[in-house]
Amino acid sequence: LEIWAVSRAIQSKASLLPAMPDLATCSQQEWDDVFPGLRRPSEAPMDLAPIRKYEAATRKARASQHMPGCCSIAILGDQALQVGAFGRADLEHDLPMRTDSIVRLYCLTKPMVATALMILVERGCCKLDDEVSQYLPEFRDVKVCARRTNLRATPEDQRARQKLTLRRLLTHSSGLGYGPVLGMDPAGPEEEAYADIVRKCDGGQIKNLKELSRAIAALPLRFHPGEKYLYSYGLDIVGRVVEAISGKPLDRFLKAEIFDPLGMKDTGFSVPPGVAKKRLVALYATPENKEAMGAKADPAAVKHRSPLGTLVRVDGERPEQSAWVGGRSCPVLSGGGIMGQNRGGMISTLADQACFYLMLLRGGRLSQASRQILRPKTIEAMWGKDWLAQPSTVGRPCRDKGKLFGWHALGEIGIVKRPMRQHYPDFFELGEWGMAGAACTHVTVVPKRKLLCLWFTQTLEGWPGWKSPEQNLWTAAREVALASGPVEVIDSSTAREHAKKRAREAGAPTRSVKRRRTS
């Protein structure tokens with residue numbers, strides 16, 4: 001508890017540093033400080049007509065006082081195609097959405113925790129095909145449930161036929177399942193078996209990752225490791241493995257190894273009350289789902305009749321009451337993105353997340369002046385192909401409701417060539433990969449095109465968060481990318497020089513572009 005309190009104090013102090021600028025209105029110097037070597041949309045040499053149509057449609061859709069706002073960014077090579085925010089971050093308090101508005105990431109927490117493990121793999125601290133029990137002894141004699149309907153351990157449970165490895169945790173092929181969250185009924189015994197863990201996290205009986213790991217290990221696996229894919233608590237256990245190997249709480253490791261080097265000052269597991277009051281985006285769901293998550297019905301609550309359905313505010317009536325605010329946040333640092341009914345996982349901003357994924361696209365380093373987080377070879381191994389098809393994971397392509405899909409260290413990857421008119425989130429382009437959170441926080445990366453798209457809102461209803469094709473950022477960005485041909489790729493060694501060149505062309509004094517202070 002003492003270590004947890006110290007780590008929270010460090011995180012709160014860091015969060016009180018000046019925020020990222022609003023990318024839509026910031027100065028050129030502020031832009032270059034955040035994104036060295038990246039040109040703004042106003043500097044684009046290509047035709048951005050599809051982007052302008054997207055922005056016009058989104059602006060119109062989000063103009064309603066009853067529709068949650070959104071923010072987005074699209075990057076192609078060294079050129080930003082679009083960046084902006086639309087509508088309101090808080091409908092009840094009439095706060096505008098900005099690119100530095102703070103959102104709950106939910107499952108978009110997973111890629112950062114996976115990257116933390118890959119940092120340790122690259123340093124030789126562990127191997128992907130190591131057994132989990134090598135680092136977490138509670139998994140040493142883990143069994144597999146004898147019958148699918150069993151919810152607890154029985155004498156008939158079987159020994160696992162294959163190894164429960166770190167690689168299988170990353171790809172949700174370990175045999176673990178997930179508990180029922182966000183007010184949903186258990187979708188079969190695979191979820192019902194973990195319902196007690198959800199209740200104990202909400203009730204305070206499970207207070208940290210170590211206790212969570214032991215509670216999960218005490219239950220039999222739902223299937224033999226490597227038998228199939230099932231979305232799971234795998235990344236929560238990965239987070240505990242990171243703690244066990246590094247000797248640091250997960251939040252401190254992430255801060256030191258990823259967030260501080262990239263200047264991600266608004267990313268963590270909680271937000272200070274003063275910051276939340278100004279920048280935490282309100283979260284919305286249907287009245288029925290709010291009650292299902294344990295909140296009492298409030299007849300006086302404002303009901304928003306939106307295209308996404310009837311919405312009410314959840315997670316506190318004011319920002320300071322959020323379950324992600326320091327002093328109220330979940331003590332279990334969920335590497336998977338959710339703990340209990342509606343707690344846990346990280347908060348972040350569009351700007352912070354763009355820095356993280358741009359770092360990966362640039363080969364593990366945001367600029368020459370910043371730290372090398374991962375080597376290019378490691379990143380290619382992380383996202384270059386479908387891990388599920390490898391013998392060390394499942395050994396064959398997997399299907400969901402008849403649709404072929406792939407998975408790697410960071411998320412889902414497209415493994416089928418499809419017509420270019422089909423777009424995310426219904427389909428992934430071949431080689432495109434992505435991840436999304438429950439409140440409609442989306443990211444995709446197309447490595448071969450150097451195309452990155454991020455789109456955030458905060459609603460638990462109306463997946464994916466927009467209604468008409470004109471509001472689909474991916475449709476617009478891909479249309480621009482296909483019309484542009486080969487893109488210029490700015491790696492970390494040349495990003496700073498490009499920023500200097502643009503400063504000279506603009507007549508500004510030539511000086512080194514420095515990263516924002518982060519400590």
Side-chain angles (χ1 to χ4, degrees), residues 107 109-140 142-144 159-178 209 213 216-217 221-246 250 253 257 335-337 360 364 373-400 404-415 431 433-435 445 447:
C107 286
T109 298
K110 288 179 169 73
M112 291 178 285
V113 175
T115 298
L117 180 65
M118 295 305 295
I119 289 172
L120 295 173
V121 170
E122 200 176 73
R123 292 175 183 173
C125 300
C126 59
K127 297 177 182 178
L128 287 174
D129 294 316
D130 286 346
E131 291 195 64
V132 176
S133 60
Q134 186 173 332
Y135 308 101
L136 305 180
E138 57 264 34
F139 283 93
R140 187 163 294 147
V142 69
K143 298 289 196 301
V144 179
R159 293 184 63 86
R161 291 196 292 261
Q162 297 194 70
K163 295 179 180 179
L164 173 53
T165 64
L166 300 181
R167 188 187 300 274
R168 287 178 170 139
L169 288 179
L170 288 173
T171 53
H172 306 286
S173 58
S174 63
L176 298 178
Y178 239 141
L209 271 179
S213 177
I216 290 174
L221 299 176
R222 304 310 306 171
F223 54 88
H224 289 278
E227 186 177 317
K228 62 181 181 179
Y229 165 95
L230 180 68
Y231 208 50
S232 70
Y233 282 118
L235 270 296
D236 292 289
I237 302 303
V238 166
R240 175 59 191 145
V241 170
V242 170
E243 289 188 336
I245 294 175
S246 69
L250 180 61
F253 183 88
E257 301 296 339
L360 294 175
I373 308 295
L374 286 172
R375 292 194 292 264
K377 184 170 69 172
T378 301
I379 295 170
E380 176 60 27
M382 287 166 65
W383 71 21
K385 58 185 176 182
D386 175 20
W387 284 23
L388 291 176
Q390 298 175 354
S392 56
T393 309
V394 175
R396 66 181 185 279
C398 294
R399 291 181 180 271
D400 179 37
L404 279 169
F405 73 98
W407 205 275
H408 53 46
L410 300 177
E412 183 178 350
I413 181 173
I415 59 173
W433 73 268
M435 176 61 79
V445 176

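Heavy-atom basis, side chains included; hydrogens, waters and symmetry copies ignored.
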> Would you say the side chain of Val394 lies within less than 4.5 Å of the side chain of Cys398, judging by non-hydrogen atoms?
Replying inline: yes
>> Taking the side chain as everything from C-beta on, heavy atoms only, tell me whether Glu243 gets closer than 4.5 Å to Arg240.
In response: yes
> What pair of heavy atoms forms the shortest contact from Pro447 to Gly431, and how long is it?
Replying inline: CD-O, 3.5 Å
> Of all residues at least two apart in sequence or in a different chain, which pass the side chain to side chain donor-acceptor pair (under 3.5 Å) check with Tyr178?
Replying inline: Lys110
> Is there a side-chain contact between Leu136 and Ile237, using heavy atoms and a 4.5 Å cut-off?
Replying inline: yes
>> I'd like to check the ring pair (Phe, Tyr, Trp, His ring centres under 6.0 Å) partners of Phe405; sequence neighbours left out, ordered by chain and number.
In response: Tyr229
>> Between Arg168 and Gln162, is there a side-chain heavy-atom distance shorter than 4.5 Å?
In response: yes
>> Is the ring pair Trp407/His172 parallel, tilted or perpendicular, if the boundaries are 30 and 60 degrees?
In response: perpendicular
>> Show the nearest heavy-atom pair for residues Ser174 and Leu221, with the distance to one decimal.
In response: O-CD1, 3.7 Å
> For Cys126 and Leu117, which heavy atoms make the closest approach, and how far apart are they?
Replying inline: SG-CD1, 4.0 Å
> Which residues pass the side chain to side chain donor-acceptor pair (under 3.5 Å) test with Ser173, sequence neighbours left out?
Replying inline: Thr171
> Any luck finding a side-chain donor-acceptor pair between Thr393 and Arg167 under 3.5 Å?
Replying inline: no
> Within a strict 4.5 Å, meaning less than it, do heavy atoms of the Met382 and Met118 side chains meet?
Replying inline: yes
>> A side-chain contact here means heavy atoms from C-beta on lying under 4.5 Å apart; do Leu176 and Leu164 qualify?
In response: no
> Under 4.0 Å between a Lys/Arg side-chain N and an Asp/Glu carboxylate O for Glu257 and Arg123?
Replying inline: yes
>> So Thr378 and Ile119, do their side chains get closer than 4.5 Å, heavy atoms only?
In response: no
> Going by heavy atoms in the side chains, are Phe139 and Ser213 under 4.5 Å from each other?
Replying inline: yes
